[in-house]
Amino acid sequence: MEKKKIIIIGAGISGLTIANGLIRSGISNNEILVLEQKDRPGGLIKTTIDNGFLTEWGPEGLRGKSENTHYLFSLIDKEKIAASDEAAKRYLVKNGKLVTVPSGPISAIFTPLIPFFGKLRLLKEPFIKPTTEEETVKEFISRRFGKGLVPILDAFVTGIFGGNISEINVKYSFPMLKQAELFGGSVIRGFLKQNKISKNSGKKKDKTKQPHLYTTEKGMQGIIDDLSTKVNIKYNTTITEINSNSDTIQINSNAEQYSCDKLIVATGVSASNRIKFFDEPILPLNNQSVISIVTLGYNPTAFPKPLNGYGFLSPSSEEVGILGTLFTSRLFPHHSKNNVELLRVFVGGKRHPEKIKLNPEEIIQQVIQDLNKLLNLQEEPIYTSIVSHNPDGISQFQMNHSIYINWKEHIETKYNQITLAGIGWTSISCDGLIAEARKIINKISPQS
């Protein structure tokens with residue numbers, strides 16, 4: 001039985017960030033072991049390069065304005081590559097056309113994305129009474145802002161979660177909105193109150209202009225590669241059971257047994273239900289959304305107007321077969337070559353789960369047809385590829401998500417040598433997962 005001071009289950013961005021952060025805090029690399037079920041690190045993060053074109057299987061980059069991003073880059077040796085300024089411009093599909101998303105209050109007044117009476121309804125928000133009842137995102141937005149804003153949030157929920165606005169719990173998926181409502185009596189008053197407190201705190205706000213996203217020359221894979229080379233990882237290790245033996249935690253796997261003083265299960269919700277924790281009830285299966293990603297390369301002459309911006313999302317009311325598209329080469333030119341315009345198209349999710357079952361050629365052809373209509377393309381793509389994490393997917397914060405939170409809190413309270421982390425507990429974004437990892441590092445590091 002191999003004994004370590006700290007064992008981390010899961011070599012995704014959560015587990016790798018925690019391991020690297022603990023090593024930098026003073027814990028010896030030899031005292032930490034990461035166990036990973038797959039034969040590679042990264043989890044849902046993966047980058048492939050095919051014929052000179054780069055495709056991300058997960059996030060396109062890390063938030064430029066977040067201190068969590070700068071923290072993560074401080075752990076690795078890769079140079080940050082900033083997204084172009086075009087990342088600030090985004091679109092939604094409206095009546096089959098791309099419409100620019102408002103960038104501020106003034107542009108929101110004139111946007112056709114919100115109907116006239118919908119804009120008037122926004123004025124009522126500060127006077128709507130708050131409620132502690134749990135709601136879906138659709139119920140919350142409709143109650144507080146009116147139905148005019150629903151298509152916009154519907155598109156963003158699809159873009160973030162690949163999910164259904166009528167099924168996702170607003171308390172866990174958009175906690176800042178619910179917190180603002182309860183804090184200020186309304187969302188608008190809550191945010192204004194928080195801003196006032198922040199200004200009075202004396203903490204200077206960093207006004208340095210930051211790009212929207214950062215990545216590396218090798219994409220997100222460059223981050224994973226650097227993080228994984230600094231820690232000890234055992235791959236192809238499936239954890240089956242966790243027990244205690246005296247004052248240590250005992251871990252059973254498909255290969256051998258391990259023991260440790262401190263265990264961090266950084267597999268997220270979806271993989272935690274595959275592990276038997278002591279004699280505790282098995283965690284129920286978590287609802288997930290599976291996405292396929294189609295990458296297309298076009299000659300610039302295929303577009304009647306030059307591409308400009310981050311990309312677009314489509315509300316379900318538009319009945320578009322694709323969920324959204326990133327103008328990848330507009331964001332990071334090094335993802336493409338020879339001036340080819342590279343588009344990254346998302347398909348499937350909770351809106352169109354049937355598309356995931358199609359063969360790859362069918363999916364690609366349907367995507368091309370949708371793009372031809374939306375972008376009025378004049379030529380066929382010169383490059384195509386498709387990737388999918390199926391059966392793995394994006395964890396959904398369903399209405400019953402409190403079951404998972406309560407289970408997590410129960411395990412961590414009863415067995416204080418165990419910490420649960422990773423995608424699907426409180427966040428699905430890299431930024432949220434890095435923030436969670438930093439809290440865990442600060443809690444157990446020798447310097448705390």
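Along the sequence shown, residues are numbered consecutively beginning with 1.
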*Under the 3.5 angstrom rule, does the side chain of T237 hit a backbone N or O of Y235 as a donor-acceptor pair?*
yes

*Could you please spell out the steps behind the side-chain contact (heavy atoms from CB on, under 4.5 Å) verdict for L62 and M220?*
CA-CA 8 Å; L62 299 178; M220 291 293 288; 3.7 Å; yes

*Run the numbers on C430 and I45 for side-chain contact (heavy atoms from CB on, under 4.5 Å), then give the verdict.*
CA-CA 10 Å; C430 284; I45 296 176; 3.9 Å; yes

*Does atom CE of M1 have more than 12 heavy-atom neighbours from other groups under 6.0 Å away?*
yes

*Under the 3.5 angstrom rule, does the side chain of N286 hit a backbone N or O of S395 as a donor-acceptor pair?*
no

*Thinking salt bridges, do E256 and K234 make one under a 4.0 Å N-O criterion?*
yes

*Do other residues, nucleotides or ligands put more than 12 heavy atoms under 6.0 Å from the CG atom of D85?*
no

*Does Y71 have any side chain to side chain donor-acceptor pair (under 3.5 Å) partners at least two apart in sequence or in another chain, and if so, which?*
none

*May I ask you to decide if S292's main-chain N or O and S388's side chain share a donor-acceptor pair within less than 3.5 Å?*
no

*What's the verdict on side-chain hydrogen bond (donor to acceptor under 3.5 Å, both in side chains) for K276 and N252, showing C-alpha distance, side-chain angles and the deciding distance?*
CA-CA 10 Å; K276 175 65 176 175; N252 296 332; over 6 Å; no

_Whether Q221 side chain and K218 backbone form a donor-acceptor pair below 3.5 Å_ = no

*Sequence neighbours left out, what pairs pass side chain to side chain donor-acceptor pair (under 3.5 Å) with at least one residue falling in residues 183-196?*
E125-S186

*Is the side chain of T229 donor-acceptor paired with the backbone N or O of D226 at a distance under 3.5 Å, no angle test?*
yes

*Start with the C-alpha gap between L313 and T158, add the side-chain angles, then the distance that decides, and say whether side-chain contact (heavy atoms from CB on, under 4.5 Å) holds.*
CA-CA 8 Å; L313 295 171; T158 298; 5.9 Å; no

*asked:* I'd like to know if the side chain of R90 reaches the main chain of A87, judged simply by a donor and an acceptor atom lying under 3.5 Å from each other, with no hydrogens or angles considered.
replied: yes

*Tell me, do K230 and N29 make a side-chain contact under 4.5 Å, heavy atoms counted?*
no

_Residue that, paired with I9, satisfies side-chain contact (heavy atoms from CB on, under 4.5 Å) out of T267, L420, L33_ = T267

*Output yes when a side-chain donor or acceptor of N20 lies under 3.5 Å from a complementary backbone atom of L227, and no otherwise.*
yes

*Can you check whether I249 reaches Y415 side chain to side chain, under 4.5 Å on heavy atoms?*
no

*Sort and list the pairs that fulfil ring-ring contact (aromatic ring centres under 6.0 Å, His included) and have at least one residue in residues 383-402, not counting sequence neighbours.*
F53-Y383, W57-H389, F161-F397, Y172-H401, F397-H401, H401-Y404

*Under 3.5 Å, is there a donor-acceptor pair between the side chain of H334 and the main chain of G219?*
no

_Close side-chain approach of V367 to D370, heavy-atom, < 4.5 Å_ = no

_Pairwise distance OG(S259) to CD1(I7) - rounded to 0.5 angstrom_ = 6.5 Å

*Nearest heavy atoms of A437 and T17, plus distance in Å*: CB-CG2, 3.7 Å

_When you compare the side chain of L213 with that of F332, does any pair of heavy atoms fall below 4.5 Å?_
yes

*Report yes if some heavy atom in the side chain of I32 is under 4.5 Å from a heavy atom in the side chain of I23; otherwise report no.*
yes

*Does the distance from a Lys or Arg side-chain N to an Asp or Glu carboxylate O, for E181 and R143, drop under 4.0 Å?*
yes

_Using only atom types and a distance under 3.5 Å, with no angle test, would you say the side chain of T419 pairs donor to acceptor with the backbone of I264?_
no

_Whether the side chain of S314 engages the backbone of I322 through a donor-acceptor N/O pair (distance < 3.5 Å, no angle test) should be reported._
yes

*Closest heavy-atom pair and its distance - T100, L113*: O-CD1, 3.7 Å

*Any chance you could lay out the side-chain hydrogen bond (donor to acceptor under 3.5 Å, both in side chains) test for Q366 and K355, step after step, and finish with the verdict?*
CA-CA 9 Å; Q366 289 185 12; K355 288 187 179 291; 2.4 Å; yes

_Within 6.0 angstrom of K65 NZ, more than 12 heavy atoms from elsewhere_ = no

*Would you call E56 and R344 a salt bridge, taking side-chain N to carboxylate O under 4.0 Å as the test?*
no

_Suppose the criterion is salt bridge (charged side-chain N to carboxylate O under 4.0 Å, His left out): which pairs have a residue in residues 37-55, not counting sequence neighbours?_
K38-D392

*Is there side-chain contact between F277 and L283, with heavy atoms separated by less than 4.5 Å?*
no

*So F73 and Y214, would you call those rings parallel, tilted or perpendicular, with 30° and 60° as cut-offs?*
perpendicular

*Can you list the steps and then say if L72 with I13 is a side-chain contact (heavy atoms from CB on, under 4.5 Å)?*
CA-CA 10 Å; L72 192 66; I13 195 167; 4.0 Å; yes

*Would you kindly say whether N68 and R438 are connected by a side-chain donor-acceptor distance under 3.5 Å?*
yes

*Taking atom types as modelled, find out whether T295 and T55 have a side-chain donor-acceptor pair closer than 3.5 angstrom.*
yes

*asked:* Using a 6.0 Å cut-off, check whether atom NZ of K147 has over 12 heavy atoms from anything other than its own residue.
replied: no

_side chain to side chain donor-acceptor pair (under 3.5 Å) partners for H410, two or more places apart_ = E280

*Would you say V340 and S329 make side-chain contact, with heavy atoms under 4.5 Å?*
no

Validation: residues 162-171 side-chain donor-acceptor distances under 3.5 Å, sequence neighbours left out:
unit_1 : atom_1 : unit_2 : atom_2 : d
N164   : OD1    : S166   : N      : 2.8
N169   : OD1    : K171   : N      : 2.9
N169   : ND2    : E134   : OE1    : 2.9

*Check ion pair K357-E354 (N to O, under 4.0 angstrom)*: no

*Would a 4.5 Å heavy-atom cut-off, applied to side chains only, mark F346 and L326 as touching?*
yes

